[in-house]
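Everything numeric here is computed off the predicted structure, so don't read it as measured data. First the proteins, then the strands, lettered A, B, ... as listed; each starts at 1.
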4 protein chains.
Amino acid sequence: MSEMAAGSKLRPLEDGTAEAPREVRARDPERTRASILAAATVEFSARGFAGAGIDAIASRSGANRRMIYHYFGSKRGLWLAVLEAAYERARMSEVALHLDELAPVEAMRALVTFTFDSFIGDRTFINLLNSENLHQARHLKESARVKGLHSPLIGMLTAILDRGVAAGVFRAGVDPAQLWISIAGLSYFYFSNQFTLSVILDRNLQSKAELDERRAHVADLIVHSLLA
Amino acid sequence: MSEMAAGSKLRPLEDGTAEAPREVRARDPERTRASILAAATVEFSARGFAGAGIDAIASRSGANRRMIYHYFGSKRGLWLAVLEAAYERARMSEVALHLDELAPVEAMRALVTFTFDSFIGDRTFINLLNSENLHQARHLKESARVKGLHSPLIGMLTAILDRGVAAGVFRAGVDPAQLWISIAGLSYFYFSNQFTLSVILDRNLQSKAELDERRAHVADLIVHSLLA
Amino acid sequence: MSEMAAGSKLRPLEDGTAEAPREVRARDPERTRASILAAATVEFSARGFAGAGIDAIASRSGANRRMIYHYFGSKRGLWLAVLEAAYERARMSEVALHLDELAPVEAMRALVTFTFDSFIGDRTFINLLNSENLHQARHLKESARVKGLHSPLIGMLTAILDRGVAAGVFRAGVDPAQLWISIAGLSYFYFSNQFTLSVILDRNLQSKAELDERRAHVADLIVHSLLA
Amino acid sequence: MSEMAAGSKLRPLEDGTAEAPREVRARDPERTRASILAAATVEFSARGFAGAGIDAIASRSGANRRMIYHYFGSKRGLWLAVLEAAYERARMSEVALHLDELAPVEAMRALVTFTFDSFIGDRTFINLLNSENLHQARHLKESARVKGLHSPLIGMLTAILDRGVAAGVFRAGVDPAQLWISIAGLSYFYFSNQFTLSVILDRNLQSKAELDERRAHVADLIVHSLLA
DNA sequence: TATGAATGAGTCTTCATTCAT
DNA sequence: GATGAATGAAGACTCATTCAT
C-alpha cells in the first residue's frame with residue numbers, strides 16, 4: 001500500500017527546466033532495443049513465456065511499453081529474439097573452446113567439464129529451452145537464424161573420437177551426435193531439475209561439494225563408456 | 001509414467017452400469033475431484049502453470065469452476081495435487097519392475113530401457129517437472145506426500161551394482177544415486193528437449209528409427225561405462 | 001460540502017464548444033480521470049467501499065474499466081483519491097466563510113448554522129467518512145495530502161472565542177478543538193444517523209420543519225453553553 | 001454497549017465427554033443460533049454489510065454455512081437479527097440507569113457521562129448503525145421489534161429537565177428528544193469518527209487523557225447549555 | 001523515435017445461495 | 001437439525017495489443 005500514491009501524480013510532470021526541455025529520454029535505438037532484449041531475457045527466463053508480462057519487461061528495461069511492439073512486433077517476436085540471442089551466446093562460448101592439443105581422453109574430459117560448468121550459475125538458457133519445448137519449438141522452427149545451427153561441439157567430438165579410435169584408446173562405432181546429446185543431457189538434467197531433485201533426494205544439489213562430485217561422476221562416466 | 005494419459009477425455013460417461021440411472025449432474029464428490037484432477041493434469045502439462053487457465057480446466061473437467069476451489073483451494077493447490085499424483089504414478093510404475101532374476105548387465109540394460117521407454121508417448125511428467133523447476137520447486141517443497149520420496153530405482157541400482165561388482169563385471173566405486181541421475185538424464189533430456197533438438201539437428205527425434213537408435217545408444221553407454 | 005454532487009451525470013456531454021467536433025471517444029486524460037473520480041465518488045458514497053464495484057464505477061463514468069487502474073492503480077487508490085478530493089472540497093467551502101465582522105454570538109451562531117447546513121442534501125462526505133472510519137482510517141493515514149489538514153473552522157473558533165471572552169459574553173476555558181468536534185458532532189450525528197433515528201423516533205428528520213427545529217436547537221445549545 | 005462480548009468464543013470445542021462418541025457436533029439449536037449471531041455481529045461490525053461474508057461468519061461461528069440460511073433465511077435476515085440484538089442490548093443497559101435520586105445537574109452529568117462511556121471500547125453498535133444508515137435503514141424499517149423503540153433515556157431526560165426547571169436551575173423550553181440527540185451526537189461523532197479525526201487533528205483520540213478531556217468537555221457543554 | 005491513453009477479453013478468486021443427503 | 005456438494009454471477013485486477021499524438 002505504500003506505493004499506492006493514489007493517482008496523486010502519475011505522470012512525473014518533468015516540469016520543463018530550461019535547458020533540455022524535450023529530450024527526457026535520449027533517442028538511442030540501439031540501446032533501447034538492447035535494453036528491452038536484456039529485460040525480456042530476464043523476465044522470460046524467470047517466469048516462462050506465459051508468466052512473463054509485457055509490462056514487467058517494459059518497466060524493467062526502462063523503455064516504453066509501446067517500444068516493444070515497435071522493435072519486436074509482438075510478444076512472440078520478442079520471445080524469438082530472446083531465444084535466438086541465447087543460442088548465439090551459447091554457440092559463441094563453445095567455439096572458443098580449443099581441444100586440439102589435448103590427448104583424446106583429456107580432450108573428452110575437458111569438453112564434458114566445459115559443458116557441465118556452462119550451466120553453473122545461470123539458468124537462463126535452460127529455462128528458455130524448457131519453455132520453448134513446452135511450446136513444441138513453435139517459434140524456433142520459424143527462425144532462419146537458428147534452424148540447423150547445431151553445436152560446434154559435435155564437430156569437436158567427431159575429431160576427438162576419431163583421434164581416440166586411431167590411438168586405440170576409444171572404442172569405435174560411437175555416434176558423435178548421440179554422444180553430444182548424452183554429454184549435454186548428463187549435465188542438463190542435473191541443473192534443469194535441480195530443485196525437484198533436491199527435494200526428492202533431500203540433498204542440496206547446488207552446493208559446491210555436490211557440484212564437484214557430479215562433475216567428476218559425469219566426466220568419469222563418459223570417459224569410461226568410450227574406452228576401448 | 002507412460003500410461004498417464006489420465007483425463008484425456010471429458011467426463012468418461014461410460015458408466016452405464018445397471019444400478020443407478022444417474023441424474024444429469026450426479027453428486028459424486030469422488031468423481032468430481034478426479035475429473036478435475038485429470039483435466040488439470042492435461043492443461044497444466046500442455047500449457048505450464050501460468051499458461052493453463054482455471055476456466056479451461058473447469059470446462060474440460062465438466063465440473064463447475066467453483067468446484068476447483070472447493071476441492072483444491074487455489075490454482076497452486078491444484079497444481080500441487082497434480083504434481084503429487086504424477087509422482088505417485090511414476091513411482092508406482094517403477095516399483096512394478098522386477099530385475100532380480102536378471103544377470104547384472106542385463107538387469108542394468110533393462111532398467112535403462114525401462115526408463116527410456118517410460119518417457120515415450122507422454123510428456124506429462126516432463127512438462128510438470130520443468131514447470132515446477134521453473135518455480136524452483138516452490139510447491140513441491142511443501143508437499144509432505146512427496147518430500148524425500150526418491151525413486152525405488154535407486155535401491156534397485158544399488159543391488160545391481162553390488163551384484164555386478166561381486167561378479168567382477170562392473171567396476172567398483174560408482175555411486176547409485178549419481179548413476180540414477182545419469183540414467184534419467186540421458187533419456188529425460190532427449191525427450192524434454194526433443195522439439196528444439198529436432199530443429200537444431202534437423203532430424204525428427206520422435207521417429208521410430210531415432211527412438212531405437214537412441215535407446216540402444218543410452219543402454220550401451222551406461223553399460224560400457226560400468227564395465228570393469 | 002453541499003455542492004459535492006459531482007459526477008451525478010454520466011459523461012457531462014455539455015461540451016458543445018465551438019472549436020473541436022470531438023470524436024466519439026475523445027482522448028482527454030484530464031477529463032477521463034475526472035469522470036472516473038466523479039463516478040467513484042457517487043458509487044463509493046452510495047454503497048461504501050466494499051459495496052461499490054469497479055465495474056459500476058467504470059460504466060457510470062463512461063470510461064473503460066482498465067482506465068481506473070491506469071489512473072488510480074487499485075480500488076483502494078481510487079478510494080483514497082475520492083476521499084482526498086472530498087476533504088479538499090469541504091475545506092475549500094469552509095475557508096470561504098467570513099465571520100470577522102460579526103459580533104461573537106452572531107459569529108458563533110453563523111458558524112454553527114453553516115456547519116449544519118453543509119450536511120443538508122448531500123450525504124457524500126458523511127458516507128465516505130463513515131466508511132473510512134470502519135477501516136480505521138487505514139487509507140487516510142497514508143495520505144500526505146490530508147494528514148494534519150485540520151479544519152480552518154478551528155482557527156475561526158479560536159478567534160471568536162477570544163473575542164467573546166474579551167467582550168465578557170463568553171466564559172473562558174473552552175478548548176476550540178473540542179468545541180469544533182462538538183459543533184460538528186451535533187450536526188453530523190443528526191444527518192449521519194437520520195434514517196435509523198427517523199425509525200426509532202418515528203419522525204421524518206429530513207423534513208423542512210424538523211431541519212429548522214434542529215438547526216435552531218443546535219445553535220441555541222452551543223451559544224448557551226458558551227455564555228459567561 | 002460495552003459488555004457486548006459478541007463472539008468471544010470461536011467454536012466451543014469443549015465437548016470431549018465420553019458418552020457421545022458419534023455426535024461430533026451436538027444438536028443444540030439454541031446454541032447454534034446464538035453462536036451464529038455472535039459471529040455475525042463481529043463480522044458485520046468489523047467489515048460492514050457488504051464487506052462481511054457468509055463464509056467468514058460460518059467458520060467463525062463454528063457452524064455450517066447452511067445453518068445460517070436455516071436460522072436466518074438470508075444475509076439480510078441475519079443482518080437484521082444482529083441489528084435488533086444490538087439495539088436490545090443498548091436499551092437494556094440504559095434502563096439499568098437510575099438517576100432519580102440525584103439533583104438535576106448531577107443527574108444530567110451522570111446521564112451524559114453514561115452515554116459517553118457506553119461507547120468506549122466497543123465500536124460494534126456504531127459500526128452497525130453507520131452501515132444501516134448507509135442503506136437508509138432499509139432493514140430496520142421492516143423490524144417490528146425495533147420500530148419506534150426509542151431510548152428510555154428520553155424519558156429520563158424529560159424528568160430531569162422538569163425537575164431542573166422546577167428547581168430554577170435549568171432554563172425552560174428545551175426539547176428532550178432534541179437534547180437526547182445532542183447528547184448522543186456529542187459522544188457518537190467523537191467515537192464514530194475517531195480514526196479520521198485522529199489523523200486530521202494529529203492526536204490520538206483513544207488515549208486515556210483524551211477520553212477524560214472529552215468526557216469533561218461534553219458534560220460541561222451540556223450542563224452549561226441548560227443552566228437558567 | 002518515442003509515449004501515454006485506451007481497450008476488450010482475459011486472469012484468479014469469492015459471492016450469496018440452493019440442492020441432495 | 002445438520003452438512004458437504006454444487007452453482008452462476010460477480011469480485012478485483014491483468015492481459016497483450018492498438019490508437020493518437
[X] side-chain N/O to [N] phosphate OP1/OP2 under 4.0 Å:
X	N	result
A:Thr32	E:dA2	yes
B:Asn64	F:dA5	no
C:Tyr69	F:dC15	no
B:Tyr71	F:dA6	yes

I need the [atom1]-[atom2] distance between [X] and [N], as an integer number of Å.
X	N	atom1	atom2	answer
A:Ile57	F:dC15	CD1	P	11 Å
C:His70	F:dA20	NE2	P	16 Å
D:Arg76	E:dC15	CZ	P	19 Å
C:Ile68	F:dT14	CD1	P	13 Å
B:Glu43	E:dC12	CD	P	11 Å
D:Met67	E:dT18	CE	C1'	13 Å
A:Phe72	F:dT17	CZ	C1'	17 Å

Problem set entry | C:Ile54: which of C:Lys75, C:Arg66, C:Glu43 passes side-chain contact (heavy atoms from CB on, under 4.5 Å) |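 Only one of C:Lys75, C:Arg66, C:Glu43 forms a side-chain contact (heavy atoms from CB on, under 4.5 Å) with C:Ile54, namely C:Lys75.
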Which pair of non-hydrogen atoms, one from [X] and one from [Y], has the smallest distance, and what is that distance?
X	Y	result
D:Met67	D:Ala63	CB-CB, 4.4 Å
C:Thr41	C:Leu37	OG1-O, 2.7 Å
C:Lys141	C:Gln136	NZ-O, 3.7 Å

Problem set entry | Straight-line distance of C:Leu129 CG to C:Ser45 OG, nearest 0.5 Å |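 Between C:Leu129 CG and C:Ser45 OG, I get 10.0 Å after rounding to 0.5 Å.
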Problem set entry | Euclidean distance, A:Ser74 OG relative to A:Ile68 CD1, rounded to 0.5 Å |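 Here the rounded value is 11.0 Å.
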Checking all strands, does [X] fall into the base, sugar-phosphate, or nothing category for heavy-atom contacts under 4.0 angstrom?
X	result
B:Ile54	base
B:Ala52	sugar-phosphate
A:Ala50	nothing

Exercise. Want to settle it: does B:Arg33 or C:Asp55 sit nearer the 5' end of DNA chain F, counting the closest nucleotide to each?
Worked result: B:Arg33
Exercise. Could a donor-acceptor pair under 3.5 angstrom be found where the side chain of A:Arg66 meets the base of F:dT17?
Worked result: no
For this session: Record whether the side chain of C:Arg65 comes under 3.5 Å of the base of E:dT7 through a donor-acceptor pair of N or O atoms.
Result: no
For this session: Assign the ring pair C:Phe49 / C:His139 to parallel, tilted or perpendicular, where the plane angle (0 to 90°) is split at 30° and 60°.
Result: tilted
For this session: With the side chain of B:Lys75 defined as its heavy atoms from C-beta on, choose the nearest nucleotide among F:dA6, E:dT7, E:dT13.
Result: E:dT13
For this session: Quick one: the dot-bracket string of DNA chain E, using Watson-Crick and G-U wobble pairs with both distances under 3.5 Å, [ ] for crossing pairs and | for bases paired to another strand.
Result: .||||||||||||||||||||
